[in-house]
There are 2 protein chains.
Amino acid sequence: MVTIKDIARKSGVSVGTVSNVINNLESVKIKNKEKVLEVINSLGYRPNKIAASLSKKKTMNVGLIVPDVSSPFYSDLIKGISDALEINGYNIFLCESNNNIQKEEKIIRDLLSMWIDGIILIPVYSKKRNLHFLENIEIPVVLVNREIEGIKKDIVIFDNFGGAFEATQFLIKNNHKKIPILGGPELSKSFEERFQGWKEAMEENNLYKDNLIFRGDFSVEAGHKMMLEALNKADGIDAVFASSDLIALGALSAIDEYNLKVPDDISVMGFGDIYLSKFLKPSLTTIRRPFYNIGKTAVSLLLDRISGNTQKKITKFIIKGKLEIRDSVKIPDQPE
Amino acid sequence: MVTIKDIARKSGVSVGTVSNVINNLESVKIKNKEKVLEVINSLGYRPNKIAASLSKKKTMNVGLIVPDVSSPFYSDLIKGISDALEINGYNIFLCESNNNIQKEEKIIRDLLSMWIDGIILIPVYSKKRNLHFLENIEIPVVLVNREIEGIKKDIVIFDNFGGAFEATQFLIKNNHKKIPILGGPELSKSFEERFQGWKEAMEENNLYKDNLIFRGDFSVEAGHKMMLEALNKADGIDAVFASSDLIALGALSAIDEYNLKVPDDISVMGFGDIYLSKFLKPSLTTIRRPFYNIGKTAVSLLLDRISGNTQKKITKFIIKGKLEIRDSVKIPDQPE
DNA sequence: TATAATACCTGAAACGTTTCAAAGATATTT
DNA sequence: AAATATCTTTGAAACGTTTCAGGTATTATA
């Protein structure tokens, strides 16, 4: 193991000078610099970041806590975060909370003892959640995608309400009138927001009715079940607002089983834009969530704090979705 | 910042004893242990892992290098790795090579200066690849999913040949005779292996013909294009072996455009089992790659090396796929 | 050429742990 | 009670950097 001392000895300068060379300090004479670099190369020296971190009290590492690494949903988010951190020279500790609150807390403790410079946390969802210990953490924390009541931390979330409102209005504008909403687990805040978006759009157009609401979780199976229920219970349905793309997927197959055609008989609006939505037959009209950007935004908030802006007011970014118009919603011919 | 010294002073023991308490050494008298723990709690002390790492020359961190974090393909792999490492108390540095060789090398250098205990590398694919510098790395390295000629490192790969062979044979056994293969970029080793698997199965049954080969990349668009070509060029096609699920997806839509039915007119065999394959209409018969297990296997190889098995012979794990029989392949009624 | 100003270098202290030889305390045996 | 064996504790050295006050070499100014 070759250290800075070996380099110093062999190149005939002090450790301080070697350190300056390594850190690209200006104040080193070109001659010494060259000599040192030469020795570094010849000995295959590699700086020890651990030692440097200890000395500098800065690690250039950031903790990223995700409920589930394998969810395709989070992977774009992770990429946005990863790319943005990388550009700024930070490394990521990737941690998975497995949707478990205890584990999440343990991870945070562990990360703190690794002296990371900041945390990006995608919190596990839970009604009776107490994240107030976050307030006492001495390093910056940015929350992503889930808001937690009363927590004073920078946060980036997706505009579920606005997205659902826009989606529903798009259906209405295109002449759909009887538009049930499919799903979302009752305890999910994002579903609640999507529900409110749908409701508001429906009410504004006097289309809202209680019996248009079907509940289930965000899965394909649930979507299938809810759609069958909807088709059984109500007739005259001309469109459906699925509160996730997976639900829409289930709905599509239920509609198929009923020998109805999408979009001719029924239009289907998804929500979330999973990767394959555009490859379905018919391709799914949906609201895309710009996760990559959400990730980037989170990083910029975090780095801002890390670089000393500790006094700044808490920021809340609400990132808007984008309506992806594809084939699953019928658009009537517009007379010019 | 409260340190081990503060704890020592306040609880009236030496730093050595405090260190022993923190590390759960047996040799501390219960009385002292309790006192120390009490002080630790009251002062909110948190051990500094950086300092410990410097002293122990061990970080309990592992570097994971992935070409693309957001690829759904890798996310199960990452999860397998993440879960297995977590169980063993290791943390992950997640790094993305962006399919760029230079970046991959830089990452490895950076990781080494972080004194990680090992590396799991999913190499960027490239024909003219030279990973021989890996040989000189002093810490364990495990390669995943891509074999690189002449590199003496433990490795876990997927059995592309066997999977393709099995898939093709399944088609043949079920009475399909004219089975073109769709795609895979010419320079891709995994495609080459799948191609060989298909070829061998076809040859064994005297079904092989040159004009059954269509080339393109692993994408949906390519699948669509290749399938159209195939339908134009050859008739009597009763099945198709798509060398990726995305290709199969493209093929499905091309077949649909030709007003043919899957599986009644043409059977479609996919490869890879992406998440949505089972939700397609018809659901896709395909070869599932057990990425989660591949990840776990990689970790166990790595940890084995880390824990001192440096002399052991190089291990090469070839993980078999599993045929997922769904609806896109026609299975003739079997007379009992 | 002497002096002041500037540029560059030095090396010891500090960062917060772990480790381990040695010392001290306690228990066991004679 | 003394001698021995065992169990605990101590505290200084080490891990490999960075930092910075003070020193030395170099350049500019008079």
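Chain letters run A, B, ... following the sequence lines, proteins first, then strands; residues in each count from 1.
Judged by closest nucleotide on DNA chain C, A:Val28 is the one of A:Val28 and B:Ile4 placed further toward the 5' end.
A sub-4.0 Å separation between OP1 or OP2 of D:dG16 and a side-chain N or O of B:Lys57 is present. Contact annotation: B:Asn32 side-chain N/O to D:dT8 OP1/OP2 distance is not under 4.0 Å.
Residues forming a ring-ring contact (aromatic ring centres under 6.0 Å, His included) with B:Phe93 (at least two apart in sequence, or on another chain): A:Phe93.
Checking C:dT17, C:dC15, D:dT9 against the side-chain heavy atoms of B:Ser55 singles out C:dT17 as nearest. The side chain of A:Lys56 has D:dT19 as its nearest neighbour among D:dT9, D:dG16, D:dT19. If you check D:dG16, C:dT17, D:dT18 against the side chain of B:Lys5, the one that comes closest is C:dT17. Here D:dT8 is the nucleotide among C:dT17, D:dG16, D:dT8 with the atom lying nearest to any side-chain atom of B:Ser27. Out of D:dT9, C:dG16, D:dT17, the shortest distance to the side chain of A:Asn48 is found at D:dT17.
One interatomic measurement links the two molecules: NZ of B:Lys31 to P of D:dT9, which rounds to 12 Å at whole-angstrom precision. Taking atom CG on A:Leu54 and atom P on C:dT18, their separation rounds to 12 Å, with Å as the unit. When the P atom of C:dG16 is taken as reference, atom NZ of A:Lys58 falls 17 Å away, rounded to whole Å. Taking atom CG of residue B:Asn23 and atom C1' of nucleotide C:dG16, one finds them 13 Å apart after rounding to whole Å. Between the NZ atom of A:Lys29 and the C1' atom of C:dT6 there is a distance of 12 Å, rounded to whole Å. Note: CD1 (B:Ile22) to C1' (C:dG16) measures 10 Å, nearest angstrom. To the nearest angstrom, P of C:dT17 lies 18 Å from CH2 of B:Trp115. Between A:Ile50 atom CD1 and D:dT17 atom P the separation is 11 Å, expressed in whole Å.
Here B:Glu135 does not pair with B:Lys152 in a salt bridge; the nearest charged N to carboxylate O distance is not below 4.0 Å. Comment: A:Glu86 engages B:Lys103 in a salt bridge, judged by a side-chain N to carboxylate O separation of less than 4.0 angstrom. The existence of a salt bridge linking B:Lys10 and B:Asp6 is excluded, since no basic side-chain nitrogen approaches an acidic carboxylate oxygen closer than 4.0 Å. A salt bridge does not link A:Asp154 with A:Lys316: every distance from a Lys NZ or Arg NE/NH1/NH2 to an Asp or Glu carboxylate oxygen is 4.0 Å or more.
Side-chain contact between A:Lys57 and A:Trp115: present, with at least one pair of heavy atoms (C-beta onward) separated by less than 4.5 Å.
Taken residue by residue, residues 6-21 of chain B places heavy atoms nearer than 4.0 Å to DNA chain C at B:Gly16, B:Ser19.
Side chains of A:Tyr74 and A:Asn145: no donor on one and acceptor on the other come within 3.5 Å.
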